[in-house]
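Worksheet: one structure, shown below.
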Amino acid sequence: MSGLRPDLQIVADWITPRSRVLDLGCGDGTLLRELQESRFVTGYGLEIDADNIGRCIRNGVNVIQTDLDQGLSDFAAGTFDYVVMTQTLQAVRRPNRLLDEMLRVGRIGIVTFPNFAFWRLRYHLAMLGRMPMSGALSYTWYETPNIHLCTIRDFEELCLQKDIRILEREVLSHDLRRPVIAGVLPNLLAEIAIYRFRRG
Amino acid sequence: MAAEAMPESIPPDSVGLVEPEHARFNTALTLECGRSLPGYELVYEAYGKPNSDRSNAILICHALSGTHHAAGYNSLTDRKPGWWDVCIGPGKPIDTNRFYVVCCNNLGGCHGSTGPTSINPATGEPYGADFPIITVQDWVHSQARLADHLGIETWAAIAGGSLGAMQAMQWAIEYPRRLRHAIVIAAAPRLSAQNIAFNEVARQAIRSDPDFHDGRYQSHQAIPRRGLMLARMLGHITYLSDKAMRAKFGRDLRRGKDDYDFHYEVEFEVESYLRYQGESFVEHFDANTYLLMTKALDYFDPAAAFGGDLTKALAGVSAQFLVVAFTSDWRFSPARSREIVRALLDGNKDVTYAEIEADHGHDAFLMPVPQYIDVLGTYMDKVAAEIGA
């Protein structure tokens with residue numbers, strides 16, 4: 001069994017064995033490594049952080065050091081079965097354009113992001129009058145890389161506008177567990193949202 | 001044995017004292033230009049030990065002015081170690097405790113391999129300007145024969161920077177089954193017009209020197225010193241970044257000077273540096289070899305045979321690639337390496353790309369830049385693991 005973080009495990013479970021995967025913002029390559037070992041996928045990770053390049057090599061992952069804000073022009077249309085982006089959507093300059101790029105180079109997109117409407121974050125802002133911080137959003141306001149935070153409702157609204165069809169949604173509460181009453185008030189109870197989608 | 005004789009000045013992570021070896025090839029080699037060499041000799045150095053099936057062999061390809069002397073010292077009086085000593089040695093990224101590392105002086109060179117200064121068996125005179133133009137493809141063919149000679153069926157990796165990296169690429173194209181990894185550092189898939197322009201100025205500097213004698217300067221007991229020196233000075237400017245030059249020299253005047261003298265002698269430190277580089281280069285490099293090497297650079301274009309499509313040129317490669325570029329390299333900028341990466345991605349090849357933050361310019365591939373050493377070392381760990389070295 002893999003020791004993947006629960007959110008990454010959900011993503012991994014959605015990926016068909018032997019498919020081709022592009023991981024945007026692949027970090028140290030943990031997810032791709034797991035996918036390569038347990039699901040025999042092939043593909044690449046894109047990562048901007050220099051320290052992570054060596055970690056990816058150590059994990060046996062093909063990694064390309066690049067800035068996602070430059071787009072995915074290195075890749076031809078329809079190159080991948082899945083384009084995955086975990087906890088990165090909120091940190092890119094144009095998330096809406098990147099979603100289009102994901103569905104240009106891949107058939108199915110998978111994203112995870114911190115839900116900004118999570119009740120704890122609302123509490124931070126509404127009651128304490130402070131910029132919200134949480135497990136998934138652990139930065140102070142002045143040094144956060146997360147420049148485009150959104151909520152579950154925001155994301156689904158954008159997908160609707162863009163004619164992106166959501167195939168599946170999973171949510172995790174603050175301790176990265178599935179909420180006890182799944183599907184009830186996700187926008188309030190989910191700390192992390194996980195989506196699988198394709199062009200409508 | 002030799003270890004005891006070494007002074008303390010040879011560091012423990014050096015391959016130590018090394019001696020070049022020679023390999024003679026008596027079968028004619030047909031060259032890309034249509035001519036052929038009846039036979040030739042390659043001088044090479046080897047570090048580390050081959051394993052039983054010689055699967056731990058690494059070929060190092062040198063750049064424009066490089067030699068077979070990639071690491072260690074040829075004598076205890078050497079001021080400096082081999083040109084890539086930063087990366088080759090015990091415990092270094094290309095670890096000689098694990099790998100058997102081979103580096104040869106390329107054909108057309110002037111450090112012991114057959115080249116313009118060698119005697120042409122047909123005339124009994126030095127080849128000089130008659131030495132055929134050699135291409136990257138020709139080098140790769142001649143290196144493949146060296147591999148045969150050393151009993152190396154498959155290289156664990158072929159590595160090089162700049163023109164050396166082009167040889168690694170060409171190997172992957174020509175002999176896909178004879179290397180497991182291609183390590184392509186500070187490279188370009190072909191030269192730009194600007195690159196060729198710099199080479200042309202360098203060549204014109206040499207060819208217009210009155211001592212050049214149409215390349216037959218050896219028979220005239222002459223050396224086109226001024227031309228070769230200018231060519232090297234020009235080259236050096238392209239190897240460094242603006243920032244590196246500013247940091248190293250700024251506008252400093254030479255020591256002991258505090259004002260302008262309003263003449264054309266050396267006044268600025270950067271002038272002194274360039275002249276020193278040029279003058280010392282002339283002592284150990286041959287002008288005809290310099291011309292040949294720049295032409296090999298200009299002609300390198302593996303995509304040309306595929307209608308300019310690099311993806312097609314690389315379609316048959318099976319080696320895994322590590323491509324490394326340096327942010328301040330303007331001779332072969334990261335964008336040029338990205339062209340190689342893109343073609344490999346297009347062909348679904350195994351490729352890792354690192355863009356190293358470094359201020360040194362093109363020369364960064366010879367420098368101990370920590371992130372670069374880390375990436376190369378980590379990658380070589382993976383190469384070693386694959387072959388059980």
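Numbers restart at 1 for each chain; the letters A, B, ... are given by sequence-line order, proteins then strands. If you're wondering where the values come from, they're calculated on a predicted model, not measured in any experiment.
Interface residue Ile64(A): backbone and side-chain heavy atoms are both found under 4.5 Å from chain B. Residue Thr42(A): no heavy atom, backbone or side chain, is found under 4.5 Å from chain B. Using a 4.5 Å cut-off between heavy atoms, Arg55(A) does not touch chain B at all.
Interatomic distance, OH of Tyr353(B) versus CD1 of Ile53(A), reported as 10.0 Å (0.5 Å rounding). A distance of 5.5 Å separates OG1 in Thr352(B) from CD1 in Ile57(A), rounded to the nearest 0.5 Å.
In Glu357(B), the CD atom is not crowded: 12 or fewer heavy atoms of neighbouring residues, nucleotides or ligands sit closer than 6.0 Å. For Arg199(A), the CZ atom is densely surrounded, since the number of other residues' heavy atoms within 6.0 Å is greater than 12.
Looking only at distances, a side-chain donor or acceptor of Gln65(A) sits under 3.5 Å from a matching main-chain atom of Glu355(B).
Annotation: side-chain hydrogen bond (donor to acceptor under 3.5 Å, both in side chains) contacts of Arg39(A) (sequence neighbours excluded): Asp13(A).
Close approach to chain A, defined as a heavy atom under 4.5 Å from one of its heavy atoms, is seen in Arg338(B), Val341(B), Arg342(B), Leu344(B), Leu345(B), Asp346(B), Asn348(B), Lys349(B), Asp350(B) of residues 331-350 of chain B, taken by number. Along residues 161-178 of chain B, no residue comes nearer than 4.5 angstrom to chain A, judged on non-hydrogen atoms. Listed in order of number, the residues of residues 374-389 of chain B that approach chain A to under 4.5 Å between heavy atoms are Asp374(B), Val375(B), Thr378(B), Tyr379(B), Lys382(B).
Put simply, the side chain of Val351(B) reaches to within 4.5 Å of the side chain of Tyr44(A), judged on heavy atoms.
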